[in-house]
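Data first, discussion second: the structure below is written as structure tokens.
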Amino acid sequence: MQKILVTGAFGLVGSDLVSELQKKHGNDQVIALGRQTIDGNFHGILEQGDVRDYAAMEALIKKYNIGTVYHLAGLLSVGGEKQPDLAWDVNVGGLKNILDLAKDYQLKVFWPSSIAAFGPTTPKHDVPQHTSLEPTTIYGVSKVTGELLCQYYFKRYGVDVRSLRYPGLNGYKAAPGDGTTEYAIHIFYGLIKDNAYTCFLKEDARLPMMYMDDAIKGTIALMEAPAEKISVRTSYNFAAISFTPGELVAEIKKISPDFQISYEPDARQQIAESWPQTIDDSRAREDWGWQESFDLAAMTRALYEGVKAKLQK
Ligand code: AKB
């Protein structure tokens, strides 16, 4: 039987996706590829490697008879601005390697794009599926490039590659990455450790967001949908909730009324301002039945319980 490879397996999405895929297919069917952030308590098949290394990736595909790749390895918006060359090499070079291997070994591929593909010329509200894509970050540039590469490999070579424009994803299994929407995870560490947090975005910085369980459910649903249902081969708009730091704090105060918040916006605020506030994801809903489950209150409760349990271990 063909196995599943997950790159970036110990990142924010990978940490939840790998365990879900293991539950569905069995621990011996999922290969977790990590580079730096490998979890020492991991149970399953673990490989260490770099997605920029084509030969190493090809060896893995052959060694495990891989049929599907969830290619998650990549730098985020803030990390990308610190190291633009590295962001380009990993985000674009890594994807190109996976798509070339997909062409030669008939792999099915999932690759995440992001709301970072949008920019200041994109409408701020209810962004349509097809719109202006003029991002200001190297991360966003790599996502637009990646979307076009995916569509090219589908049209030119028939590679079954599927993608979602992830909003800010909020989970607790992995440490939050170096992104802009990640304040919405860091705030829970502040809540549980100090009952206080200094936010690097403004109180009214509204951004599209989603609880991790919904993101994993949507990712797997997209990959399991029949090919004829997939009408977008760049990347689907994908949305659940939109909120501001102020609205998240109001929700947190229902759990901890004395929670102290202060706002010290920095360069990350400019990145947030370049992104839209709400997304129209009706194509995903119509094509393959996307539907979220978590609203802001349910997400807040789940993150609070999850981070608390993690920090108490
Ligand atoms: C980031 O903020 O960089 C990411 C993203 C929206 O892709 N969370």
Side-chain angles (χ1 to χ4, degrees), residues 7-8 10-17 37 70-84 86-88 90-92 94-95 110-120 122 124 127 133-147 150 163-189 199-202 205-212 214-216 218-219 234-245 248 265-279 281 292 299 303:
T7 76
F10 300 94
L12 190 64
V13 178
S15 301
D16 281 80
L17 183 67
T37 54
Y70 288 83
H71 176 46
L72 306 177
L75 277 75
L76 297 180
S77 56
V78 179
E81 289 313 292
K82 290 178 191 155
Q83 299 184 84
L86 182 66
W88 181 262
V90 174
N91 292 13
V92 180
L95 173 62
F110 173 81
W111 171 79
S113 184
S114 160
I115 54 164
F118 303 125
T122 307
K124 279 277 167 245
V127 175
L133 299 173
E134 294 185 320
T136 55
T137 61
I138 190 70
Y139 175 60
V141 172
S142 75
K143 290 303 183 188
V144 175
T145 308
E147 289 192 11
C150 288
S163 175
L164 297 171
R165 288 174 178 151
Y166 280 157
L169 300 184
N170 302 310
Y172 58 83
K173 287 203 183 132
D178 210 359
T180 305
T181 62
E182 271 65 10
Y183 85 84
I185 310 175
H186 286 291
I187 198 169
F188 286 90
Y189 287 82
C199 184
F200 54 76
L201 298 185
K202 289 184 183 166
R206 182 175 301 285
L207 287 167
M209 297 278 194
M210 186 180 288
Y211 183 53
M212 188 60 75
D214 274 338
I216 300 302
T219 300
T234 49
S235 189
Y236 275 98
N237 280 5
F238 184 53
I241 42 181
S242 279
F243 57 82
T244 65
L248 178 57
D266 61 21
R268 290 169 279 194
Q269 173 65 25
Q270 271 101 63
I271 297 179
E273 281 173 20
S274 76
W275 294 345
Q277 299 186 355
T278 57
I279 308 286
D281 63 352
E292 77 279 12
M299 184 201 83
L303 284 172

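Remember, it's a predicted structure, so these values are computed and weren't measured experimentally. When a ligand or atom number is given, it counts from 1 through the structure's own listing order. Worth knowing before you read on, the calculation uses all heavy atoms, side chains too, and leaves out hydrogens, waters and symmetry mates.
Between the Lys124 side chain and the Trp275 main chain, a donor and an acceptor come within less than 3.5 Å of each other. Of the possible polar contacts, one joining the Ser274 side chain to the Ile271 backbone as a donor-acceptor pair under 3.5 Å is found.
Under a cutoff of 6.0 Å and an axis angle of 45°, Arg165 and Phe238 do not form a cation-pi pair.
Of the N and O atoms on the side chains of Thr278 and Ser242, not one donor lies less than 3.5 Å from an acceptor on the other residue.
Under 4.0 Å from any atom of ligand 1, one finds heavy atoms of residues Leu76, Ser77, Ser114, Ile115, Tyr139, Gly179, Thr180, Thr181, Glu182, Trp275.
Using cut-offs of 30° and 60° for the angle between ring planes, the His186 and Phe200 rings count as perpendicular.
For the pair Tyr211 and Ile241, the minimum side-chain heavy-atom distance is 4.5 Å or more.
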